[in-house]
Amino acid sequence: MLFMTLPLVDLKRRYLSLKLEIDAAIKRIVDNSSFIKGEDVILFEKEFASYCHKAYGVGCANGTVALHLALLALGIGKGDEVITVPNTFIATSESISYVGGKVKFVDIDEKAMLMDLDKLEKAITPKTKAIIPVHLYGQMVDMKHLMEIANKHNLKVIEDCAQCHGAEQHGRKAPYNDIGTFSMFPAKIMGAFGDAGIIVADTKEYADKMKMLTDHGRLDKYNSAFEGYNYRLDTLQAAILRPQLKKLDEWVARRRKLAKLYDELLHGIVETPFELPGNKHAYYMYVIKTKKRDELMKKLKELGISTGVHYPIPLHMQPAYAHLNLKEGSFPVAEKCAKEILSLPLFPEMTDEEAEYVAECVKKSV
Ligand SMILES: *Cc1c(COP(=O)(O)O)cnc(C)c1O
């Protein structure tokens with residue numbers, strides 16, 4: 001068998017696949033020096049919102065501030081409990097603390113590794129004000145069920161869509177409900193050449209509030225209605241993202257094709273990802289499970305294949321959340337999954353031969 005080296009994602013190949021468009025976009029912005037609040041920001045907001053079938057898009061600096069802005073727009077504040085999962089990137093829970101809210105975790109289900117909606121209902125208290133479901137790895141939480149629970153208890157919902165550009169549920173693009181936040185960190189399904197993010201929404205009041213918050217609460221240049229932030233999306237990043245949006249459906253289709261290939265080749269060898277009925281998984285990450293995870297990771301590395309663990313330490317077990325006093329055993333499913341998960345290389349520019357090589361290496365390593 002030949003030897004290949006394969007990264008987890010290959011940003012260089014992504015750039016090369018769109019080099020002409022991206023180079024032209026960069027040149028255009030540099031030539032007219034419209035670095036802040038340029039036309040491309042407005043155009044990207046419109047195009048991305050329209051792609052998601054949402055009325056409004058609000059570009060912002062990254063996916064973390066996108067969550068912060070959404071919580072502010074919904075009026076979540078001091079002492080309000082916000083429920084999310086422990087198996088996400090810390091940005092999700094950090095945003096809750098930014099507004100003075102209380103982070104409340106609920107465990108996940110073992111198959112899809114998404115928020116366990118049976119446990120969600122039990123975690124709700126009179127102080128609970130919002131839920132942040134995380135559409136992890138590119139797959140959406142069962143939103144019909146989640147919205148029934150949210151509506152019954154009069155809770156706001158913000159969908160963390162940082163990993164699910166182009167994902168769908170019952171033919172509906174993410175986010176399913178009113179507000180969804182996206183990250184365009186370079187390695188995400190769509191990636192800026194630096195940090196970038198966007199929020200999409202259907203409610204004008206929320207969109208207007210968030211847009212103003214990104215730019216110091218300004219009414220005009222030297223007149224602010226309220227204190228805001230400098231959370232703007234750079235024109236250059238918006239211009240680099242616009243050609244990527246045109247490719248998004250094609251990229252997601254290719255990700256799904258590679259995932260199906262892995263599914264077939266790895267069936268019975270390791271536990272392959274579970275796609276919930278009605279979901280169109282975007283496969284931001286192709287996450288397998290095996291009891292021999294660390295061993296497999298090491299062997300694959302020796303064979304030239306980079307893998308990742310998303311994420312190795314559940315949030316409640318990190319020093320940042322020691323004050324919550326949630327000991328090991330608090331969220332047994334998330335803790336168990338964290339020990340068994342492994343993300344294999346998957347990106348649209350990867351060839352079938354490369355996926356076959358990875359699968360072959362997994363087979364001989366477990
Ligand atoms: C990447 C990510 C974020 C944060 O996005 P940044 O652009 O890096 O700030 C938030 N939530 C999830 C689930 C993510 O994967």
Side-chain angles (χ1 to χ4, degrees), residues 8-9 11 44 48 57-72 82-99 101 103 105-106 108 112-115 130-141 143 146 157-167 174-176 179-200 210 213-214 229-234 236-238 240-241 244 255 281-287 308-316 318 320-321 334 337-338 341 343 346-347:
L8 188 57
V9 312
L11 298 183
F44 178 63
F48 194 84
V58 177
C60 60
N62 56 64
T64 308
V65 306
L67 286 158
H68 185 195
L69 290 163
L71 286 162
L72 288 168
V82 181
I83 299 178
T84 192
V85 286
N87 68 330
T88 178
F89 181 56
I90 192 167
T92 315
S93 49
E94 273 174 336
S95 68
I96 300 167
S97 306
Y98 294 167
V99 298
V103 179
F105 295 119
V106 292
I108 56 170
M113 295 186 273
L114 301 172
M115 185 181 280
I131 312 166
I132 308 184
V134 181
H135 300 324
L136 200 72
Y137 306 141
Q139 153 154 262
M140 294 166 73
V141 176
M143 287 305 294
L146 187 139
V157 174
I158 296 164
E159 293 168 64
D160 186 340
C161 300
Q163 303 192 0
C164 75
H165 315 65
Y176 188 91
I179 294 201
T181 64
F182 290 84
S183 162
M184 277 83 173
F185 176 83
K188 300 278 156 98
I189 293 179
M190 288 174 63
F193 287 9
D195 282 306
I198 191 166
I199 310 130
V200 296
M210 291 188 287
L213 282 166
T214 63
Y229 302 86
N230 178 353
Y231 277 179
R232 294 178 303 248
L233 171 64
D234 283 350
L236 204 49
Q237 302 302 353
I240 287 165
L241 289 165
Q244 295 186 41
R255 284 179 176 276
H281 196 318
Y283 292 99
Y284 168 58
M285 290 286 166
Y286 187 88
V287 180
V309 178
H310 303 94
Y311 298 92
I313 312 170
L315 290 171
H316 67 284
Q318 298 186 20
Y321 292 106
C337 291
I341 48 174
S343 309
L346 194 156
F347 47 93

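All values below were derived from every heavy atom in this structure, side-chain atoms included, with hydrogens, water molecules and symmetry-related copies excluded. Only a predicted model underlies this, so the values are computations on that prediction, with no experimental measurement involved. All ligand and atom numbering here is 1-based and tracks the order in the structure.
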Under 4.0 Å to a heavy atom of [X] - the qualifying atoms of ligand 1, by number:
X: T92; answer: 11 (N)
X: N62; answer: 7 (O), 9 (O)
X: A91; answer: 3 (C), 4 (C), 10 (C)

Would you say [X] and [Y] make side-chain contact, with heavy atoms under 4.5 Å?
X: H165; Y: Y284; answer: no
X: I189; Y: Q244; answer: no
X: V85; Y: F105; answer: no

Heavy-atom contacts under 4.0 Å between [X] and ligand 1: side chain, backbone, both, or neither?
X: T64; answer: both
X: Y311; answer: side chain
X: T88; answer: side chain

For ligand 1, which is the ligand I care about here, please tell me if Q163 has any N or O atom under 3.5 Å from one of the ligand's N or O atoms. yes
Does any N/O atom on F185 come nearer than 3.5 Å to any N/O atom on ligand 1? no
Can Y137 be said to touch ligand 1, with heavy atoms closer than 4.0 Å? no
Closest contact, heavy atoms only, [X] versus [Y]:
X: A334; Y: P314; answer: O-CG, 4.1 Å
X: P86; Y: H316; answer: CB-ND1, 3.6 Å
X: F347; Y: L8; answer: CD2-O, 3.5 Å
X: F48; Y: V200; answer: CD2-CG1, 3.7 Å

Shortest protein contact, [atom] (heavy atom only):
atom: atom 12 (C) of ligand 1; answer: A162 CB, 3.4 Å
atom: atom 2 (C) of ligand 1; answer: K188 NZ, 2.6 Å
atom: atom 11 (N) of ligand 1; answer: D160 OD2, 2.8 Å

Are Y231 and H68 an aromatic pair, judged by ring center distance below 6.0 Å? yes
